[in-house]
Amino acid sequence: MSPKKWLRQASLYVHWPYCEKRCTYCNFNKYISKQVDHEQMKRCLGKEIQSLIYLSGIKEITSIFFGGGTPSLAEPSTLGHVIETVAKEATLADSAEITMEANPTSVEATKLREFKAAGINRLSLGIQALNDRDLKILGREHTVQEALSCLSKAKSLFPGKTSLDLIFGRPFQTLELWQDELHKTANLLADGHVSLYQLTLERGTALFKSVQNGELTVPDTDVTAEMYEMAVQTLKKSGLKRYEASNFARNASAESSHNKSYWEGSQYIGVGPGAHGRFIVQSEGGTAREARIQTLEPKYWMWEVEKRGHATRKAVEQTRQEVMEEILMLGMRTKSGVPNKRWLRFSDDVPLAKIFGGHPMLSDFIQFGLLEFSPERLVATERGLNLIDSLMPTIINILHDYNWKSPRKELSDCMDSKEKIDTG
């Protein structure tokens with residue numbers, strides 16, 4: 001891909017902030033509301049897309065991902081409006097991947113056909129566990145039976161394009177129980193794609209408090225490491241190959257092209273409350289990538305969008321060091337690693353070899369069979385990918401030894417949205 005073409009492309013992330021309830025482990029930007037103004041949300045999402053596509057100078061949207069929150073609680077017409085707006089403001093190929101996250105409840109399952117008619121062509125189901133006790137501990141609203149029923153319907157509507165999420169390291173979970181879940185997932189449930197997530201105890205969540213108080217216990221780090229390796233081997237034997245540290249697909253067509261765009265360092269636009277983005281503001285003559293975040297709370301986000309077209313709370317021009325760190329952190333989690341050809345797109349023509357070639361700490365990892373390095377690529381081996389989170393601090397420290405001489409430039413730091421409203 002030529003640099004010029006790359007500058008014209010981006011993926012789009014759309015954040016739907018509302019949920020029916022908050023799961024016990026979740027600290028995402030989400031809100032519980034029984035009185036969602038769907039018409040205003042639809043109008044504001046469309047308006048912010050128009051504004052940010054214009055600012056970015058993007059001519060082609062390569063994929064769309066509706067995340068949350070619970071976007072399957074939105075009206076299908078809202079998602080359809082978003083897709084139509086994108087198609088009007090930029091090129092959106094008929095084959096572009098358009099994914100929606102969904103909870104596998106019976107209520108949401110009844111709307112899947114409408115979402116498909118609105119333009120959704122890939123589904124990501126938050127099944128999380130195949131054990132009713134564990135689902136209750138996690139605060140999920142569905143049962144295993146509901147999940148299986150929803151998954152069956154999803155697979156018929158989105159054949160080969162249905163992904164399911166599973167969490168491991170849950171309270172009371174044993175290796176034996178996890179192995180059973182993996183066999184069910186690989187042999188009976190998976191429709192081409194599985195995403196694994198190790199349970200993280202986030203401060204402020206109900207689950208964190210329960211563990212801190214001794215009401216619940218979670219498996220120790222050695223057990224969760226064994227769970228992960230067990231998952232890799234079990235899914236592999238069933239034909240689900242790891243193409244990123246936490247993602248498995250039966251074939252290339254089942255891989256998430258949207259997520260791959262993140263891992264490869266491509267530009268992406270984030271719209272909706274609390275959404276993040278990474279893109280160059282080409283309409284204003286920008287040449288450096290900005291890290292952007294939209295206003296968090298929905299009512300303030302909508303107020304700002306109605307007033308000025310978008311609700312970017314903060315935009316910071318990334319330094320070369322920050323960009324390259326992201327390229328490494330994300331790329332090294334993938335099976336393909338970081339190709340030098342891609343690296344040069346961001347590094348101002350500084351090759352991988354100039355930074356990593358012959359470095360003693362990297363040489364140790366290579367000798368232990370954890371990494372492979374050549375002038376063409378830096379990549380983790382299968383064994384190294386199992387340990388990539390522990391390898392990355394050293395790899396990043398090697399990067400830090402190189403002086404990019406690129407200062408940070410903060411472009412905007414908006415005042416609190418409530419203060420804006422109160423002061424008029």
Peer 1: Is there a side-chain contact between Glu325 and Leu399, using heavy atoms and a 4.5 Å cut-off?
Peer 2: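 Heavy-atom side-chain distance check passes, below 4.5 Å.
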
Peer 1: Charged N to carboxylate O below 4.0 Å: is that the case for Arg308 and Glu304?
Peer 2: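 Yes.
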
Peer 1: Under the rule for ring-ring contact (aromatic ring centres under 6.0 Å, His included), what residues qualify as partners of Tyr18, not counting sequence neighbours?
Peer 2: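 Once residues adjacent in sequence are excluded, the partners of Tyr18 under the ring-ring contact (aromatic ring centres under 6.0 Å, His included) criterion are Trp16.
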
Peer 1: Charged N to carboxylate O below 4.0 Å: is that the case for Lys209 and Glu215?
Peer 2: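 Here Lys209 does not pair with Glu215 in a salt bridge, since their nearest N and O are not under 4.0 Å apart.
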
Peer 1: Taking all non-hydrogen atoms of both residues into account, name the closest pair between Ile61 and Ala90 and its distance.
Peer 2: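 Smallest interatomic distance, heavy atoms only, reads CG1-CB, 4.2 Å.
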
Peer 1: Does any part of the side chain of Pro17, heavy atoms only, come nearer than 4.5 Å to the side chain of Met41, both counted from C-beta?
Peer 2: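 When only atoms from C-beta onward are counted, Pro17 and Met41 do touch, with a gap below 4.5 Å.
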
Peer 1: Check Arg242, Lys335, Lys241 against Glu382 for a salt bridge (charged side-chain N to carboxylate O under 4.0 Å, His left out) and give me the one that passes.
Peer 2: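 Exactly one pass, corresponding to Arg242.
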
Peer 1: Indicate every side-chain donor-acceptor pair of residues 75-86 with a distance under 3.5 Å to a residue at least two apart or in another chain.
Peer 2:
unit_1, atom_1, unit_2, atom_2, d
Thr85, OG1, His81, O, 2.7

Peer 1: Could you check if a side-chain atom of Ser347 sits within less than 4.5 angstrom of a side-chain atom of Leu344, using non-hydrogen atoms only?
Peer 2: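 Touching, per the 4.5 Å side-chain cut-off.
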
Peer 1: Ignoring hydrogens, what is the shortest heavy-atom contact between Thr224 and Phe168? Give both atom names and the distance.
Peer 2: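 Of all heavy-atom pairs spanning Thr224 and Phe168, the closest is O-CE1, 3.5 Å.
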
Peer 1: Looking only at side-chain N and O atoms, does Thr312 offer a donor or acceptor that is under 3.5 Å from a partner on Gln294?
Peer 2: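 Gln294 vs Thr312: donor-acceptor pair found between side chains.
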
Peer 1: Could you list all the side chain to side chain donor-acceptor pair (under 3.5 Å) pairs where at least one residue sits in residues 125-139, not counting sequence neighbours?
Peer 2: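 The answer is Asp134-Arg170.
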
Peer 1: Going by salt bridge (Lys or Arg N to Asp or Glu O under 4.0 Å), name the pairs with one or both residues in residues 56-69, residues two or more places apart or in two chains.
Peer 2: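 For residues 56-69: none.
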
Peer 1: Using side-chain heavy atoms (C-beta onward) and a distance below 4.5 Å, is Leu296 in contact with Pro273?
Peer 2: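 Side-chain contact under 4.5 Å: no.
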
Peer 1: Would you call the rings of Phe65 and Tyr13 parallel, tilted or perpendicular, where under 30° means parallel and over 60° means perpendicular?
Peer 2: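 Because their plane-to-plane angle is under 30°, the rings of Phe65 and Tyr13 count as parallel.
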
Peer 1: Would you say Gln173 and Glu181 are linked by a side-chain donor-acceptor pair, where the criterion is simply a distance under 3.5 Å?
Peer 2: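 The criterion, which ignores hydrogens and geometry beyond distance, is satisfied for Gln173 and Glu181.
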
Peer 1: Checking Asp37 now: which residues fulfil salt bridge (charged side-chain N to carboxylate O under 4.0 Å, His left out) with it, not counting sequence neighbours?
Peer 2: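 Asp37: no salt bridge (charged side-chain N to carboxylate O under 4.0 Å, His left out) contacts found.
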
Peer 1: Test salt bridge (Lys or Arg N to Asp or Glu O under 4.0 Å) on Arg292 and Glu290 and set out the steps.
Peer 2: CA-CA 6 Å; Arg292 301 173 72 96; Glu290 294 181 13; 2.6 Å; yes

Peer 1: So do the side chains of Met100 and Ser72 get within less than 4.5 Å of each other, counting heavy atoms only?
Peer 2: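 SC-SC contact between Met100 and Ser72 confirmed.
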
Peer 1: Using every non-hydrogen atom in the two residues, find where Phe356 and Ile398 come nearest and quote the distance to one decimal.
Peer 2: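 For Phe356 and Ile398, the tightest heavy-atom pair comes out as CD2-CG2, 3.6 Å.
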
Peer 1: Under the rule for salt bridge (charged side-chain N to carboxylate O under 4.0 Å, His left out), what residues qualify as partners of Asp389, not counting sequence neighbours?
Peer 2: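 For Asp389, the residues satisfying salt bridge (charged side-chain N to carboxylate O under 4.0 Å, His left out) (neighbours in sequence not counted) are Arg333.
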
Peer 1: Please test Glu317 against Arg289 for salt bridge (Lys or Arg N to Asp or Glu O under 4.0 Å), starting from the C-alpha separation and ending with a verdict.
Peer 2: CA-CA 6 Å; Glu317 190 176 282; Arg289 192 168 71 169; over 6 Å; no

Peer 1: Assess the side chains of His310 and Ser51: does a donor N or O sit below 3.5 Å from an acceptor N or O?
Peer 2: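 No, no side-chain donor-acceptor pair sits under 3.5 Å.
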
